[in-house]
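The block underneath contains the structure these notes are about, expressed in structure tokens.
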Amino acid sequence: MIDRRRLLALVGLGLCVGDWQGPVAAVAAPELVTPSNRQLASSDAGEFIVTLAERAVTGLADPSITPDERSARFRTLLNQGFDVPAIARFALGRYWRLASETERQEYLLLFEKLTVQTYAKRFTEYAGEKLKIVQTRAGGEGDAVVASELLRPTGPAVKVDWRVRRDETGFKVFDVVVEGVSMSVTQRDEFSAVIQRAGGKVDGLLATLREKTGNAAPR
Amino acid sequence: MTHPVRATRQLVLAALLSLMMALPGCVVLDSPEKIAQVEETQDPFEPTNRYIFELNRFLDEIVMKPVATWYYIALPNPVQDGIHNALANLRQPWTAINDVFQGNPDRAYVAVVRFAINSSIGIAGLFDMATSLGFPEHEEDAGQTFAIMGLPGDPYLMLPILGPSNPRDAAGLAVDYLLDPFNLIARSRDSDTAFPFIRGMVTGVDNRARNLDTVEALQKSSVDFYATVRSAYRQRRNAEIRNGAPGANAPAPRVSQEGGASGKQAAPAQ
């Protein structure tokens, strides 16, 4: 019971702190990480995470902005800070290959909508948490892992690892690992369970996401 | 005429029996998809587990959550922190013993020093002075020790009331409960035999109270809460077993040339 409660709290927190889903890119960004920029990746990655967190707090925690404005800002920040196409595909796991082009497009749309709907408003609950970078290490294949601690006003610090990669437009987060729980893996397992329960049909997940986001089925 | 207590007991027994009869059993392996599913999830008792999960959620809703909410609202923060610290302090000797069995004498030393500091200048564990003195908290349990000894972490099990687990962790919970030094001492004294149980209850309430908001947020945001908990429980336990060290083959979203996700091959090791 201890473990369950604690891990749930941590996962919840991770979802609040760092989100990883987001805007729809119709065209997937090709992977441009080469060994030559590997060095770069690990040296500035920590700074990138600090900046991202600061921008999120200053832009989204402001209680005076409207929910719509907050959603719009959240969307922009996600687009800039997270490798959304890669994350979305990862979350669909092997079913990405089995999905039709139409299903993929709808999935990406719903994925974004669900994310914005769920997480943008969490920033209104911001209570002075601070992010402290502990270390940055190479994560293989040009990736870097930024290990950080989320310092809360009360309670123990929470370990958050940001897995980042550099592409042509700058750094992008592709996973957030909270106390050992990867957000991407958790979501992939969840989506996979929904699809399996729907008899292996991707549309089963789409139906669930439609219901969750209040989207109508496409005609 | 039936004695009222006995009648109640019979009623409870009947209710439990009918619950057991209603258990949906295992995943029926009647197709290649189902076999692949069980291989992937390592959850052959999924129908039963889901049933117990819903039962747990119901019990949480009618008992645990109200009690925890009351605890959270009624008790001042310093009191809650004191209770939390004292419970954590009581765990330190058992943590140290597990550290030893896991081959980590350095960590055992930290746990012992923590216990000494917090039990004395921390006033019976009410204040955590050790962390600021350079002895940060960590917890070990028998389930983790069994994992270090090589016991597998599958299949997944949902325990009534106690929540997500597996045979290894379930056995670990029992060993924790039976062999924790303070529980042992309490059981040996006639006046304190209820202590282990009460301690377990208070620990449960403390944890639930600390996570009221986050659990609710997670329930709201997930599309299959059972699967979310299953995945997160495994990842979390694996991280605890590794004592927070990075996983050997941590999976990550990666885009291949065709634009397909290749995460499946890198599923977390159990």
Side-chain angles (χ1 to χ4, degrees), chain A residues 1-13 15-16 28-31 83 85-87 89-94 96-97 118-119 122 125 139 141 143 145 154-156 159 161 163 174-175 177 179-182 184-186 188-194 196-197 199-200 205 208-209 212, chain B residues 33 37 40-41 77 81 131 137 139 141 143 161-165 169 200 203-204 207-208 210-211 213-218 220-233 235-240 242 244 246-247 250-257 259-264 267-268:
Chain A
M1 178 175 276
I2 303 159
D3 293 321
R4 174 173 67 155
R5 296 309 178 199
R6 228 170 104 192
L7 82 88
L8 285 182
L10 296 169
V11 172
L13 237 146
L15 295 172
C16 306
E31 191 177 50
D83 189 352
I87 296 158
R89 280 195 294 273
F90 179 84
L92 203 51
R94 61 191 155 93
W96 176 263
R97 283 195 207 94
T118 311
Y119 303 119
R122 298 267 181 94
E125 294 156 17
E141 299 189 47
D143 301 344
V145 180
T154 57
K159 282 172 68 176
D161 283 1
R163 312 186 69 181
F174 63 89
D175 196 9
V177 183
E179 293 281 344
V181 179
S182 153
S184 296
V185 170
T186 307
R188 185 198 61 198
D189 291 348
E190 187 185 14
F191 284 1
S192 162
V194 173
Q196 279 163 1
R197 279 159 71 76
L205 174 66
T208 306
L209 295 179
K212 195 92 181 164
Chain B
E33 290 80 34
Q37 177 191 331
E40 192 178 307
T41 58
N77 276 344
D81 287 345
T131 298
E137 194 196 354
E139 267 189 25
D141 53 58
I161 299 167
L162 298 171
S165 195
D169 287 343
T203 305
N207 279 292
R208 188 68 183 92
R210 289 178 161 251
N211 302 326
D213 294 342
T214 31
V215 171
E216 182 153 337
L218 193 61
K220 270 190 197 153
S221 68
S222 71
V223 289
D224 186 339
F225 193 41
Y226 173 85
T228 303
V229 171
R230 180 174 64 194
S231 175
Y233 179 75
Q235 294 180 62
R236 176 77 190 127
R237 282 303 275 171
N238 286 340
E240 284 177 341
R242 294 191 309 264
R254 186 162 297 286
V255 186
S256 70
Q257 290 305 318
S262 58
K264 207 63 242 172

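Residue numbers begin at 1 in each chain, while the letters A, B, ... track the order of the sequences.
- The two residues A/Glu179 and B/Ala239 make their nearest non-hydrogen contact at O-CB, 4.0 Å.
- With hydrogens and angles disregarded, a donor-acceptor distance shorter than 3.5 Å links the side chain of A/Glu190 to the backbone of B/Asp224.
- In this structure, chain A has heavy atoms under 4.5 Å from both the backbone and the side chain of B/Ser222.
- Nearest heavy-atom pair, B/Ser231 versus A/Val185, reported as atom, atom and distance to 0.1 Å: OG-O, 3.9 Å.
- The number of heavy-atom neighbours closer than 6.0 Å to NZ of A/Lys159, taken from other residues, nucleotides and ligands shown, is 12 or below.
- Residue B/Lys220 holds its NZ atom at 11.0 Å from OG1 of A/Thr118, rounded to the nearest 0.5 Å.
- Counting all heavy atoms, side chain and backbone alike, B/Gln235 lies closest to A/Ser182 at OE1-N, 2.6 Å.
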